[in-house]
Structures are given as structure tokens and as C-alpha cells.
Amino acid sequence: MAVHNAEIAEIFETLADLLAVRGDNPFRIRAYRNAARTIRGNSRSMAELLAEGRDLSELRNIGKDLAAKIATIVDTGRLPLLDELSSRTPKALSELMKIEGLGPKRVKVLYEKLRVRSLADLERALRRGKVRELPGFGPKTEQMISERLERFAAREQRWKLIDAEDVAEPLVRYLRDISGVKEVTVAGSYRRRKETVGDLDVLVTAAGSSPVIERFVKYDEVAEVVSQGSTRSTVRLRSGLQVDLRVVPQVSYGAALYYFTGSKAHNIAVRRIAAARKLKLNEYGLFRGDERIAGKTERELLKALRLHWIPPELREDHGEIEAARRGRLPGLVTLDDIRGDLHCHSRATDGHDTIEQMARAAKERGYDYVSINDHSRHVTVAHGLDRKRLLAQVRQIDRLNGRLRGIVVLKSIELDILEDGSLDLPDEVLAELDFTVCAVHYRFDLPKKKQTERILRAMDNRHCNILAHPTGRLINERDPYAIDLERIVQAAGERGCILELNAHPDRLDLDAEACQMAKEKGVKIAISTDAHGAEDLRFMRFGVDQARRGWLEAGDVVNTRKLRDLRKLLART
DNA sequence: GCCGTTTTCGGCCCGACTGTTTTCAGTCG
């Protein structure tokens, strides 16, 4: 069984935690963490790279030593260094460090003085009031750990972007109304448009006299004030979402926005560039000695560092800084580039609007075309279309297109890929359509090899044009089914199949890494909403955000093309 | 342990807040 990148990253992260508890060289620890991040964020699997004979030390943050350790893990599934270390420092200490407020130093004290080596041990020590007696601890720290242990046990998951927006937008309006407040921006992973966010980082510029912090902690939705200083405050809202507010002077707005947008790894890398130029970068600006030389806007800041503009979606330290230095950043796809939607349902199956309503809504968005992709017969719960009903729908769309002006409705289907990889309707029926979107909707539990072969076989059919929601994951609800995505992307390229980036905020499937992999292999992407009603067409922007995170340009996305060009891309020989 | 506009050794991002302190350590982002 091939070792996954996530498992290798996990081993390095655990190792870093244990080294930290032991008080090892902090830079060595950081090296392990950086390597873990590189591995986790790589679209190619380490096991496969090794199988191809690639030298892993070509990867950033991976040197000779770690390349050898990765090879060991891939070969044996273990790392002797971690085994040796965990015989002296229990692995579970790494788990304890995941509790907010517990870092290596406190965990070390807890372990050495109270023999705390598990969450259960910690809970017992807290209950007995032992923790407050430790040096450097006290009743407040004990209380803090107690609350956060409870929260950790409940394990709140990250928020979907769309849900975070529902919380963030009214909060931003509230903050804008406070006297003296000038700019209010939600930064952090929200601004980078990650598919999920852990908390909200809100940046405010305000006059010195503004009561913004005082008013912030009194916001109606605040359940708990976690911290409150003069420039920074953290609260937990009733919804459970945590919000960090930072107040900076206007002259620092760009530097602060840059800093609080992150990612952390990106910031560290940019600060290193500043340091290399004998400059200091912090959230207040870019400084030469005591003199602020930039910081009012992000553009000014980047210019002073001789970097091209880096869109927030790319700020992950995944090669964007090097590209910005050389002026080689991609011109990312935008919502304005999108000319149509290639995955929409109608009332004929589980949608709730008519084909005509969908078409008019698409036209209103400025689209040139929209396709109707109702389910095929296998999806009985959605009253999937059989041959007869599909052909009737085809004729209905022909008539509609005769009437409609300024929008073309494309005849399509969301066709089930059956368990054996065959398609749910016969070829001669599919030939009546402009194209098909094919998808797996059942038997998510097949072993990886079988599931992969099922999809590969479906793609062998020349009527299979677009593979919908390729991994089947539902954010926070369902993991991707087991597939060899790299093989599927490769096969899509060879067969002229297009991969869907499903823009539905519950799916966002493909993820950013997979988009990058598709781009590298020259496979085209369709960004589609999977709309089940006219109002769902608005989800397109989430798909575009995700595509941008995956470095996609308009040329990589088929539904930025004019209809004539789109038809050429959809034609398989 | 990695890395090179400081280039094969000697660096490695930087500031705010809290609690336990009496000048600072720990943690976080």
C-alpha cells in the first residue's frame, strides 16, 4: 500500500512536536515543519516521484537528509528517528500541543512534573487542581487550559467559505458604522479564498480616538471575549466562529493587510526577502532602520521589495514568490472571463426551476450559453431521465433555442458512471446531445484500484466529455472516494476529457492542488455550479476563487471560450 | 535541517497579548 503524502507530513509534524518538547534546536524543528508543508501541498505523491527515480531534494525545504528520510518512510511506512524519539517522549504529547494555549514548554512541564501523557491524564490533573501549582502556571492558566481542552474534545471543524461569509458580512457592516473607522477588511484565509476558514481575521484602520475595540467586544453576536488589548482583540461569536480584530493606523494599512492576509508561510518567506535587502517588514510597514519606506498599500510594499503583484489566492508559499520575482505569475481567471455554465439541473429531475428559467437567469448573468444536465435513470431518487424522457427534453430545448435570443441552451446530461464503468444510457442516445457530464453517484466504497478503473473505463467512452466532481468529496461531510487522481488526470489528458471544478460551496471539487496538477498535464477544466435552481448560478464565484488558488488562467478553463470554440474542445474523436 | 542578492557557513520573521511575574516567558498568528 503506497504511503500518502499526508502520512509522511504527519510523521514530520509529530517529530517536530516531540523535538520541540525536548527543547531541540528551533530551526531544525522548523525545517521539519516546512518539509511537512511542502509534502502536504505537493500535487504529486512522494511515493510516485521516488518510483520515477526523481531526486526529492529538488523540492523546496527538502534537503539530502529529509529526502532520505522520506524514502525510508515510503519503503517501510516508518521512520526510525520517530520510533526512537517516541520511546523516550510519548507521541501523545504531540496531541496535547494541538490544544490552544499549550505549546512545547507547558507540555514539557506537564509531562515532567505531573506525568501527563494523554488528554485523559491532563483532564485528571486539571480536576485535581494540580496544574495551578506548577511553576509558571496559575489559576487563570489552569482555567484557560480547562476550557480549551473541552473545546478541543468537541473538535469544531473549519467553516465553509459561504457560511463564513454569512457571519462576516453583517459584522463588517457593523464595524463600518463605528465612528472613526475608515477601512474594514476581512483578511486571512477568507481573503485568500480558501475553501474553508478556521476563524475570521478582520483588519480595521481607524482614527486613534475611535472606540472600535470597545464597540467590537459589544457586538450583539459576541459570546465570549477571549482577549482585548488596545490594537487587537479576539472574540468568540455565538455561532462558534472566532474573530480576531486588529486596528492599525491608515499609513500601515497595506503592510497590515499583507501581513494579516498571510499565509503564515508566505509572510515568513516575504520577510526573508526584506531581511536580505537589509529591510525589516512587519505589520506597520517596510522599514530601513527607523524609516518607513513603504506600507500604505500592498502594491507599494511589493514594489519596494521588487516583487510583482501577488494575488491573495496564491499566497501559500507554493512558488508564487519566485514567480513574482521573475515576473512569471499567471494571469488568473476571473469571474468576468466566464461565458457560461456547463452543469445545471432543471425541474425534470431534482432541480426546482424550468429550463427556460435557468436559461433566462444565465442570460441575466451575461452568459452566452448554459447547459441542462439532469440526472440519468440510475439516480432514481431524483427521478433520473431515461432514453425517452431525455429525447423529449432534447426536442424541448431545440424549440426553446428557436425562441430565445442572446443565450444558447446546450443539450446535456449528468450521466451516471455505473459500477462497472459503463455509462447509464446507450451511445446512440448520447449522440443526440451536445456533450455529457459523467459522474459517480453510488458505490463510493470501492477499493482504490476498482474505483479508479471504473472512472478510467467511463472515460474510454467517446461520449464522456466532462468528469463531474471528480473526487466526490463533500466538505466537512464526506471524504473523497479512494481514487488515483493522478492516473485519472493523466488519462483525461490522453483522451481529451475535461475535468470539472464543481463550484458548489459544499463541494469545490477539484481542490487547488488538483487544479495545478491538471494544468501541468495540460488538462482543461470546466468550472460549473451544479445549480439546482436559478439562484445557484451565483456559486460560480466560489469555483473561480478555487481555480485561482489552483493557478488557472482563462485559457485553462473551457467555459471562458466562445461557444464555437467550446464546441471544438468538447468534440472527441 | 535547509539554504544561498549574507552563497557551503552562519544565519533562520516579528509583534501583541496574557498570566505570572517584578522584568519576562509562553503562545499565537
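Keep in mind that this is a model prediction, so the values were computed, not measured. Within every chain, numbering begins at 1; the chains are lettered A, B, ... in the order of the sequence lines, protein sequences first and strands thereafter. Note: hydrogens, waters and symmetry copies are ignored here, and every other heavy atom, side chains too, is used.
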In B/S/- notation, 5' to 3', how is nucleotides 21-29 of chain B contacted by protein heavy atoms closer than 4.0 Å? S----SSSB

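At least one side-chain nitrogen or oxygen of A:Thr141 sits closer than 4.0 Å to the OP1 or OP2 atom of B:dT20. Put simply, A:Tyr284 has a side-chain N or O that comes within less than 4.0 Å of OP1 or OP2 on B:dA16. Of the side-chain N and O atoms in A:Asn34, none sit less than 4.0 angstrom from OP1 or OP2 of B:dC2.
For A:Asp317 and B:dC3, the CG to C1' distance is 13 Å, given to the nearest whole Å. We find that CZ of A:Arg37 is positioned 15 Å from C1' of B:dG1, with the value rounded to whole Å. For the pair A:Leu286 CG and B:dC13 P, the interatomic distance rounds to 16 Å; values are reported in whole Å. What separates CZ of A:Phe287 from P of B:dC14 is a distance of 12 Å, to the nearest Å. When the C1' atom of B:dG4 is taken as reference, atom CD of A:Glu58 falls 17 Å away, rounded to whole Å.
Among the atoms of the strands shown, none is found under 4.0 Å from any heavy atom of A:Arg277. Here A:Thr231 lies in heavy-atom contact (under 4.0 Å) with sugar-phosphate atoms only. A:Ser230 comes within contact range of the sugar-phosphate backbone alone, with a heavy-atom separation under 4.0 Å but no base atom that close. Among the protein residues, A:Pro139 comes within range of the sugar-phosphate backbone only, with heavy atoms under 4.0 Å from sugar or phosphate atoms but none that close to a base.
A salt bridge does not link A:Glu320 with A:Arg315: every distance from a Lys NZ or Arg NE/NH1/NH2 to an Asp or Glu carboxylate oxygen is 4.0 Å or more. Residues A:Arg40 and A:Glu13 are paired through a salt bridge, judged by an N-O separation under 4.0 Å between the basic side chain and the carboxylate.
With sequence neighbours excluded, no residue forms a side chain to side chain donor-acceptor pair (under 3.5 Å) with A:Asn25. Under the side chain to side chain donor-acceptor pair (under 3.5 Å) criterion, A:His318 pairs with no residue, sequence neighbours left out. Applying the side chain to side chain donor-acceptor pair (under 3.5 Å) test to A:Arg473 and every residue at least two apart in sequence or in another chain returns A:Glu195.
Among pairs with a residue in residues 100-136 of chain A, none fulfils ring-ring contact (aromatic ring centres under 6.0 Å, His included), at least two apart in sequence or across chains. Counting only residues at least two apart or in different chains, ring-ring contact (aromatic ring centres under 6.0 Å, His included) contacts with residues 190-218 of chain A are absent. Listed by first and then second residue, the ring-ring contact (aromatic ring centres under 6.0 Å, His included) pairs involving residues 51-102 of chain A amount to none (not counting sequence neighbours). Within the structure, ring-ring contact (aromatic ring centres under 6.0 Å, His included) pairs that include any residue of residues 227-248 of chain A do not occur (at least two apart or interchain).
Comparing A:Lys278 and A:Lys69, the nucleotide of DNA chain B nearest to each residue sits closer to the 5' end for A:Lys69.
B:dG15 is paired with B:dC28 under the Watson-Crick or G-U wobble criterion, all donor-acceptor distances under 3.5 Å.
Judged by distance alone, the side chains of A:Glu520 and A:Gln516 never bring a donor and an acceptor atom under 3.5 Å apart.
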Show the distances under 3.5 angstrom between N or O atoms of the protein and N or O atoms of nucleotides 8-12 of chain B.
{"residue": "B:dC12", "atom": "O3'", "partner": "A:Arg30", "partner atom": "NH1", "Å": "3.4"}

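Among the nucleotides B:dC2, B:dA16, B:dG19, the one closest to any side-chain atom of A:Ala31 is B:dC2.
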